[in-house]
Amino acid sequence: MRLSRYFLPVLKETPAEAQIASHRLMLRAGMIKQASAGIYSWLPLGLKVLRNIERIVNEEQERAGHVPLLMPTLQGADLWRESGRYDAYGEEMLRIKDRQGREMLYGPTNEEMITDIFRSYVSSYKDLPLTLYHIQWKFRDEMRPRFGVMRGREFLMKDGYNFDLDYEAAMVAYDRHMVSYLRTYERMGLQAIPMRADSGPIGGEDTHEFLVLAETGESEVFYDSAILDLKLADRAVDYDDAAQLASIRSEWTTPYARTDETHDEGVFAEVPEERRRTSRGIEVGQIFYFGTKYSEPLGAMVANEKGERVPVHMGSHGIGVSRLLGAIIEASHDDKGIIWPEGVTPFHVGIVNLRQGDAACDAACAEIEAQVAAKGLEPLYDDRDERAGAKFATMDLIGLPWRITVGPRGIAAGKVELTSRRTGESEEMTVEEAVTRLAAIYAGH
RNA sequence: CGGGGCGUAGCGCAGCCUGGUAGCGCAUCUGCUUUGGGAGCAGAGGGCCGGAGGUUCGAAUCCUCUCGCCCCGACCA
C-alpha cells in the first residue's frame with residue numbers, strides 16, 4: 001500500500017477525551033473514530049489489526065477442533081425468558097422493540113441462542129463432544145463507557161460454547177480452551193496469565209480469567225512471578241490428548257495467580273516473598289464451566305449410552321477481540337507511539353523514502369515494495385512529499401515493527417537501512433539482504 | 001445512577017465574569033525557499049459559537065429548557 005493512496009488520518013495533537021495510552025494512540029494513529037459513547041468506527045488501520053486478531057483467534061480455535069458458526073446480534077426476548085435471564089440481566093442489556101412491538105435485545109452474549117441451536121439438532125451422546133463458537137459484535141449498555149475500545153458498549157468478542165456428556169468430558173473441554181487461549185495470546189505477543197476468577201452474572205462453577213499485566217488495568221492482581229517464565233513456544237500440543245491438556249493446565253494454574261475478587265492473603269503468603277507480585281491487569285478473556293445451568297431450563301438433553309436423557313454439561317469461553325487492541329497497545333508502546341508485535345501488525349514493514357521525486361530513491365522504494373510483496377508480506381510505502389521528520393514520526397506513531405529507510409546517501413552506496421521500532425537499532429544493508437531478513441523475521445508469524 | 005466539568009474552524013484552545021456580531025496554534029490550499037527526526041517566509045479558504053426558547057436596540061457572552069461528550073465514584077468483558 002502506498003500512503004498517498006491510503007486513508008490514514010493521523011493526529012498530531014491528542015484529542016481531549018483520551019485518558020489512557022491505548023485510547024490516545026488509537027485516535028492519533030487514525031485507527032478508530034468515536035461515533036457515540038462507547039461506540040466506534042474502525043478506520044482502515046484499526047480494521048486491519050482487528051482482522052489480524054480475529055484471524056489468529058479463528059486459526060487457534062479451529063486448530064483446537066472448535067467449529068465456527070455465526071449467530072445474529074439481535075435476539076428475541078423469548079429465549080431469554082426461558083432461561084430466566086431476561087429479567088435477571090438488568091439495565092446493561094439493550095432492549096429494543098420492533099415495529100410489531102416484539103421485544104428484542106442486542107445480544108450481550110449467546111448462551112441461550114447456542115443452547116437453542118444445540119437442542120434443535122443434537123440428541124445423542126454420539127454427537128459429543130462439540131464446541132461451537134463465533135466472533136460477533138456484542139452490546140452491553142455500560143453505565144460509563146471509557147478508555148476507548150477497552151471498555152466500549154459495542155465490542156467484538158469471540159464466544160464459544162462446549163457441549164459434553166458429563167463433568168469429566170466438560171473438564172477436558174475446559175483444559176482444551178485454556179491451552180488454545182494460551183497459544184492465542186502468545187501469538188499476539190502477549191503474556192496473558194490465567195487467574196482464578198469469580199463467575200459474575202454469566203454464572204459458573206469453575207472459571208479462569210486471562211489477564212494482561214498493565215498499569216492501566218481495571219483489576220488488581222496478585223501472582224507468583226514464576227508464572228511469567230511459562231511459555232508454550234513451539235511445544236507440540238495434541239488437542240486429542242486429554243492428559244497432556246490437563247498437564248499444561250495444571251502447569252499454568254499451579255503458581256498463585258488471582259484477581260482481587262478471589263485473592264486469599266493466607267494462600268498468597270505461602271509464595272516465597274521474592275516471587276510475590278502485586279500489579280494491575282486487563283482482562284482479555286475468560287473460560288467457564290457452568291454444567292447444566294442452561295441445558296436444564298432450556299431442555300438441551302441427549303441420550304447417554306444407557307438410553308437415558310440427560311442434560312448436557314456446558315461451558316462458555318470468551319476472548320475480547322476488540323478490547324485486545326487496547327490491551328496490546330497498553331502492553332507495547334512508548335512515548336512516540338505504538339509498537340505492534342509482529343503477529344498483529346497492520347503492515348509488516350514501513351518504507352520511508354527520504355527524497356521523494358529523486359529517481360534513484362523512487363526506484364529503490366518501488367523495488368523494495370515489489371520484493372517484500374513477493375515474499376507474501378505487506379509493506380506500507382510512505383511516498384508522500386513530506387520531510388524526513390514527518391515520515392519518521394508517522395511511522396513511529398502507527399507502530400510498524402520494522403522500517404526500511406531509503407535516502408540518497410545510502411542509495412549511492414547501494415544500501416538501505418533496516419530499523420527495529422522496538423529497539424530503535426538500525427543496520428545498513430542491501431535491498432536483497434533487508435528483504436531476506438524480513439522474510440526470516442516473519443517466518444514464525 | 002450519584003457528584004463534577006465541557007460543547008466556539010478538521011484537531012487543540014482563548015474569548016463568556018464586565019453583551020456591541022469571533023480569534024490563536026496546528027492542519028488544509030497557493031507560491032517561493034528548504035529537504036536524515038513533525039521546516040521557513042508570504043498569501044488564501046474554512047465557524048448560523050451543540051440545539052430550542054427567553055431577556056435586550058443588540059446574545060458565543062445573561063436566564064430557562066434540552067441534547068451530546070468527558071472526569072471521579074458505584075458497576076462491568
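- With a 3.5 Å ceiling on both atom-pair distances, A9(B) lacks any Watson-Crick or G-U wobble partner.
- Between the CZ atom of F147(A) and the C1' atom of C75(B) there is a distance of 13 Å, rounded to whole Å.
- Comparing C70(B), G36(B), G37(B) by their nearest atom to the side chain of K336(A) picks out G37(B).
- A search for side chain to side chain donor-acceptor pair (under 3.5 Å) contacts involving R95(A) returns nothing, not counting sequence neighbours.
- Between the C1' atoms of C16(B) and A74(B), the separation comes to 35 Å (whole Å).
- With a cut-off of 3.5 Å on both pairing distances, the Watson-Crick or G-U wobble partner of U28(B) is A44(B).
- In this structure, A60(B) forms no base pair with any nucleotide, since neither Watson-Crick nor G-U wobble geometry is met with both distances under 3.5 Å.
- In this structure, of C76(B), G73(B), G36(B), it is C76(B) that holds the atom nearest to the side chain of R151(A).
- Of all the residues in residues 415-427 of chain A, E417(A) reach under 4.0 Å from RNA chain B with at least one non-hydrogen atom.
- Residue G407(A) is in base contact, counting any heavy-atom pair closer than 4.0 Å across all strands shown.
- Seen from the ring of Y106(A), K138(A) does not count as a face-on cation partner, given the 6.0 Å and 45° thresholds.
- The local environment of CZ in R196(A) is sparse, with at most 12 non-hydrogen atoms from other residues, nucleotides or ligands closer than 6.0 Å.
- Every residue was checked against the side chain to side chain donor-acceptor pair (under 3.5 Å) condition with T259(A), not counting sequence neighbours, and none meets it.
- Of the C1' atoms belonging to C69(B) and C62(B), the separation is 24 Å, rounded to the nearest Å.
- When the ring pair (Phe, Tyr, Trp, His ring centres under 6.0 Å) test is applied to F163(A), the partners found at least two apart in sequence or on another chain are F118(A).
- The distance from atom CG of D141(A) to atom C1' of C1(B) is 12 Å, rounded to the nearest whole Å.
- In this structure, M157(A) reaches neither bases nor backbone, as no heavy-atom distance under 4.0 Å exists between it and the strands shown.
- Per the geometry, CD belonging to Q286(A) stands 12 Å off P belonging to C76(B), to the nearest Å.
- Sorted by first and then second residue, the pairs that involve residues 27-37 of chain A and meet side chain to side chain donor-acceptor pair (under 3.5 Å), not counting sequence neighbours, are Q34(A)-Y40(A).
- Within the 3.5 Å criterion, the main-chain N or O of R422(A) finds a donor-acceptor partner in the side chain of S420(A).
- Going from the C1' atom of U61(B) to that of U55(B) covers 13 Å, rounded to whole Å.
- A cation-pi arrangement is present between R81(A) and Y86(A), with the terminal nitrogen or guanidinium carbon under 6.0 Å from the aromatic centre and inside a 45° cone about the axis.
- For the C1' atoms, the distance linking A44(B) with G53(B) amounts to 39 Å, nearest Å.
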- Sugar-phosphate or base contact per nucleotide [nucleotides 5-14 of chain B; S, B, -; heavy atom under 4.0 Å]: ------BSS-
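- Heavy-atom nearest nucleotides on RNA chain B were determined for E428(A) and for G320(A), and the one closer to the 5' end corresponds to E428(A).
- G50(B) sits 12 Å from A60(B) when the C1' atoms are compared, rounded to a whole Å.
- At most 12 non-hydrogen atoms from other residues, nucleotides or ligands lie less than 6.0 angstrom from CD of E91(A).
- Under the ring pair (Phe, Tyr, Trp, His ring centres under 6.0 Å) criterion, H134(A) pairs with no residue, sequence neighbours left out.
- Scanning residues 20-36 of chain A for heavy-atom distances under 4.0 Å to RNA chain B yields R28(A), Q34(A), S36(A).
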- Item | Residues N52(A), R55(A); criterion side chain to side chain donor-acceptor pair (under 3.5 Å); working and verdict | CA-CA 5 Å; N52(A) 284 343; R55(A) 193 194 69 244; 3.0 Å; yes
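- Rounded to whole Å, the separation between the P atoms of U66(B) and C1(B) comes to 14 Å.
- Projected onto RNA chain B by closest heavy-atom contact, R323(A) and R409(A) fall at different nucleotides, the more 5' of which corresponds to R409(A).
- As rounded to the nearest Å, A39(B) and C26(B) have C1' atoms that lie 14 Å from one another.
- Counting only residues at least two apart or on different chains, the side chain to side chain donor-acceptor pair (under 3.5 Å) pairs with a member in residues 398-411 of chain A are E342(A)-W402(A), R403(A)-T405(A).
- Across all strands shown, the partner of G73(B) is C1(B), judged by Watson-Crick or G-U wobble contacts whose two distances both fall under 3.5 Å.
- Under the 3.5 Å distance criterion, with hydrogens and angles disregarded, a donor-acceptor pair is assigned to the side chains of H317(A) and N162(A).
- R187(A) and H445(A) share no side-chain donor-acceptor pair at under 3.5 Å.
- For the contact set between residues 381-404 of chain A and RNA chain B, defined by any heavy atom under 4.0 Å, the members are R387(A), A388(A), G389(A), A390(A), F392(A), A393(A), T394(A), D396(A), R403(A).
- Residues passing the side chain to side chain donor-acceptor pair (under 3.5 Å) test with H348(A), sequence neighbours excluded: none.
- When both pairing distances are held under 3.5 Å, G36(B) makes no Watson-Crick or G-U pair with any nucleotide shown.
- Interatomic distance, OG1 of T184(A) versus CG of L190(A), reported as 10.5 Å (0.5 Å rounding).
- Closest to the K12(A) side chain, of the nucleotides A74(B), G38(B), C69(B), is G38(B).
- Figure legend. A14(B) is base-paired to no nucleotide; pairs are counted as Watson-Crick or G-U wobble with both atom distances under 3.5 Å.
- A donor-acceptor contact closer than 3.5 angstrom is absent between the side chains of D159(A) and Y133(A).
- Within residues 338-365 of chain A, the residues having any heavy atom closer than 4.0 Å to RNA chain B are, in order of number, L354(A), R355(A).
- G31(B) and C13(B) have their P atoms separated by 33 Å, with the value rounded to a whole Å.
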